[in-house]
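Inspection log for the structure reproduced underneath, given as structure tokens.
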2 protein chains.
Amino acid sequence: MQEEILSRREREKLWQRQEMLTAAIALFSENGYHNVSMSEIAKKSEFAIGTLYKFFKNKEDLYRSINIELSEKFDEAITEALLGTGDEIERLQNYVKVKGAIFMDNVSVVRLYFAETRGASFNIKAGLDIEIRQKIERHLQHLALIFESGIKKGRFQRIADPYYLAVSLDSLSSTFLHLWLDAPEQHPYPEDPDVILNILFRGLLDS
Amino acid sequence: MQEEILSRREREKLWQRQEMLTAAIALFSENGYHNVSMSEIAKKSEFAIGTLYKFFKNKEDLYRSINIELSEKFDEAITEALLGTGDEIERLQNYVKVKGAIFMDNVSVVRLYFAETRGASFNIKAGLDIEIRQKIERHLQHLALIFESGIKKGRFQRIADPYYLAVSLDSLSSTFLHLWLDAPEQHPYPEDPDVILNILFRGLLDS
DNA sequence: GCGCAATGTGAAGAACGGTTCACATTACAG
DNA sequence: CTGTAATGTGAACCGTTCTTCACATTGCGC
């Protein structure tokens with residue numbers, strides 16, 4: 001990642017580009033793709049419409065750029081958590097914690113991310129959500145491996161197929177993030193990852 | 001629910017209305033609100049555009065009607081399952097089963113329902129998703145009561161706040177339905193509700 | 001059959017929004 | 001300071017789509 005070999009001008013352009021993306025993120029995540037016009041983005045970012053088109057081929061390209069950068073950022077953090085050191089339980093705890101942290105740090109884009117991630121995304125003709133879905137699928141496979149390893153070692157009961165356990169944990173953590181998004185003070189995303197993990201770890205029945 | 005005091009004409013209009021809604025559902029759930037035009041709906045339903053406007057104030061009203069009828073239908077079935085007879089476990093089993101059944105029977109609209117239900121809904125200016133959310137909130141409260149009752153009676157361990165258990169079960173069942181939607185043969189929605197419920201019932205740790 | 005009311009029709013109107021491009025402004029080398 | 005290239009601008013263009021409404025068709029009581 002060489003970043004220092006950029007000229008002043010290049011750095012400025014990068015900065016301008018980021019300004020545009022930031023403005024667009026705010027608008028898109030508030031109103032959705034179709035309810036945001038290029039002129040609104042222009043006004044908010046304080047550039048002219050034509051300038052936007054110097055940076056992005058068209059509106060769809062702008063939107064795509066946002067989502068790709070977003071998903072890469074998220075992907076990096078989550079992958080790191082999943083590959084990190086520690087036993088199965090620690091890794092799962094890490095996953096829940098990191099996922100929470102990265103979402104907290106990017107509140108304004110979380111709505112956008114969920115819109116592209118869950119439910120059907122009708123914003124883009126085709127292709128974008130596939131890329132994102134592939135990243136998520138990789139996470140799920142990683143998670144499944146952790147569960148499988150725990151089961152093999154006798155640490156975990158095999159209460160469901162490892163892949164389904166992975167999907168379940170992903171779903172549960174996203175759901176808690178949703179609760180938090182809707183009412184942050186009422187439903188804080190738990191500091192302690194075990195609040196979420198215990199739903200899997202402990203059983204409602206027996207003890 | 002008196003339905004027989006309708007004239008032939010009134011029944012016909014109701015039927016026509018349903019034809020329009022059916023065509024619109026197919027298009028919306030395939031392409032999303034903004035990617036479907038009134039003329040497409042007109043063509044598919046085999047009415048003229050002007051006729052659509054005799055039945056619905058505008059496009060948004062048409063969309064709103066779909067979602068309201070949809071959510072009422074779902075609400076009825078789910079509420080019945082939650083209020084039905086049986087102990088706590090049977091009620092939960094019923095909930096999972098009924099939710100699965102009603103979604104299976106309405107495949108074409110499930111995508112639409114998820115789009116309005118999960119993630120952010122940007123299709124409608126405001127208000128629609130609030131109505132639907134209130135219905136879902138009622139279900140969650142019901143579910144929470146069941147969990148609470150089970151805990152009070154000592155049938156369930158208190159592994160989490162009852163409301164969070166409710167949210168978790170809702171999330172898990174929706175997630176399994178999502179899997180099924182994406183790849184029906186690969187991930188059949190389980191006949192046996194305990195496949196899903198065991199994720200809550202049994203614990204990964206201990207036995 | 002007749003005539004009126006109810007219903008159905010789709011071309012035209014109006015608004016909106018993505019994209020373009022000729023021009024203005026700025027940056028910078030010589 | 002000058003001239004040229006790079007960059008920035010936004011009015012105008014154009015396609016799309018929602019909505020209206022004057023007219024056509026149908027249904028029905030007499």
Side-chain angles (χ1 to χ4, degrees), chain A residues 6-67 121-128, chain B residues 5-67 122-128:
Chain A
L6 295 175
S7 67
R8 196 194 54 72
R9 194 74 250 281
E10 285 170 318
R11 272 180 289 131
E12 178 165 342
K13 290 195 74 170
L14 229 57
W15 170 254
Q16 290 176 324
R17 186 187 143 97
Q18 205 50 51
E19 289 273 289
M20 293 173 187
L21 290 177
T22 303
I25 285 172
L27 291 167
F28 283 140
S29 77
E30 190 64 31
N31 307 306
Y33 181 75
H34 289 287
N35 297 315
V36 172
S37 67
M38 291 299 275
S39 71
E40 284 177 273
I41 298 174
K43 195 186 295 173
K44 175 135 195 163
S45 62
E46 295 174 75
F47 288 96
I49 292 184
T51 313
L52 293 182
Y53 281 88
K54 291 274 157 76
F55 284 77
F56 304 98
K57 214 171 58 258
N58 51 37
K59 186 182 177 187
E60 185 168 319
D61 182 44
L62 168 51
Y63 186 75
R64 186 177 244 108
S65 301
I66 288 175
N67 278 282
S121 158
F122 297 122
N123 295 327
I124 289 297
K125 310 278 184 280
L128 167 56
Chain B
I5 51 168
L6 295 175
S7 67
R8 194 193 59 71
R9 193 73 251 279
E10 285 171 317
R11 273 180 287 131
E12 177 164 341
K13 289 193 73 169
L14 228 56
W15 170 254
Q16 289 176 323
R17 188 186 142 96
Q18 204 50 50
E19 290 273 289
M20 292 172 187
L21 290 177
T22 303
I25 285 172
L27 291 167
F28 283 141
S29 75
E30 189 65 29
N31 307 306
Y33 181 75
H34 289 285
N35 298 316
V36 172
S37 67
M38 290 301 272
S39 71
E40 284 177 274
I41 298 174
K43 195 185 296 175
K44 176 137 194 162
S45 62
E46 293 173 77
F47 289 95
I49 292 184
T51 313
L52 292 182
Y53 280 88
K54 291 274 156 77
F55 284 78
F56 304 98
K57 217 172 55 259
N58 51 37
K59 186 183 176 186
E60 184 168 320
D61 182 43
L62 168 52
Y63 186 75
R64 186 177 244 107
S65 300
I66 289 175
N67 278 282
F122 298 123
N123 296 326
I124 289 296
K125 311 278 183 281
L128 168 55

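In the text below, chain A, chain B and the rest are named by the order of the sequence lines, each starting its count at 1.
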Distance, rounded to the nearest Å, where B:Met38 contributes CE and D:dT17 contributes P: 13 Å

Nucleotide C:dG18, atom P - distance to NE2 of B:His34 in whole Å: 11 Å

Geometric class of the B:Phe28/B:Tyr63 ring pair [parallel <30°, tilted 30-60°, perpendicular >60°]: perpendicular

Nucleotide C:dT20, atom C1' - distance to CG of A:Asp61 in whole Å: 16 Å

side-chain contact (heavy atoms from CB on, under 4.5 Å) evaluation trace for B:His34 with A:Asn35: CA-CA 9 Å; B:His34 289 285; A:Asn35 297 315; 3.6 Å; yes

B:Lys44/B:Glu40 ion pair, N-O < 4.0 Å: no

Partner residues of B:Phe56 under the ring-ring contact (aromatic ring centres under 6.0 Å, His included) criterion, sequence neighbours left out: none

Between D:dT17 (P) and B:Glu60 (CD): distance, integer Å: 18 Å

Summary of protein contacts for nucleotides 5-12 of chain C, nucleotide by nucleotide, where a base hit scores B, a sugar-phosphate-only hit scores S (4.0 Å, heavy atoms): --SBBB--

Gap separating the CG atom of B:Leu52 from the CG atom of B:Asn58, nearest 0.5 angstrom: 11.5 Å

Those residues that, when tested against A:Ile49, pass side-chain contact (heavy atoms from CB on, under 4.5 Å) (two or more places apart): A:Ser39, A:Ala42, A:Tyr53

Nearest-angstrom distance from the residue atom OH of B:Tyr63 to C1' of D:dT19: 20 Å

Atom-to-atom span, CG of B:Leu62 to C1' of D:dC18 - whole angstrom: 12 Å

Spacing of A:Lys43 atom NZ relative to D:dG10 atom P, expressed in whole Å: 12 Å

Gap between atoms NZ and P, on B:Lys59 and D:dT20 respectively (whole Å): 15 Å

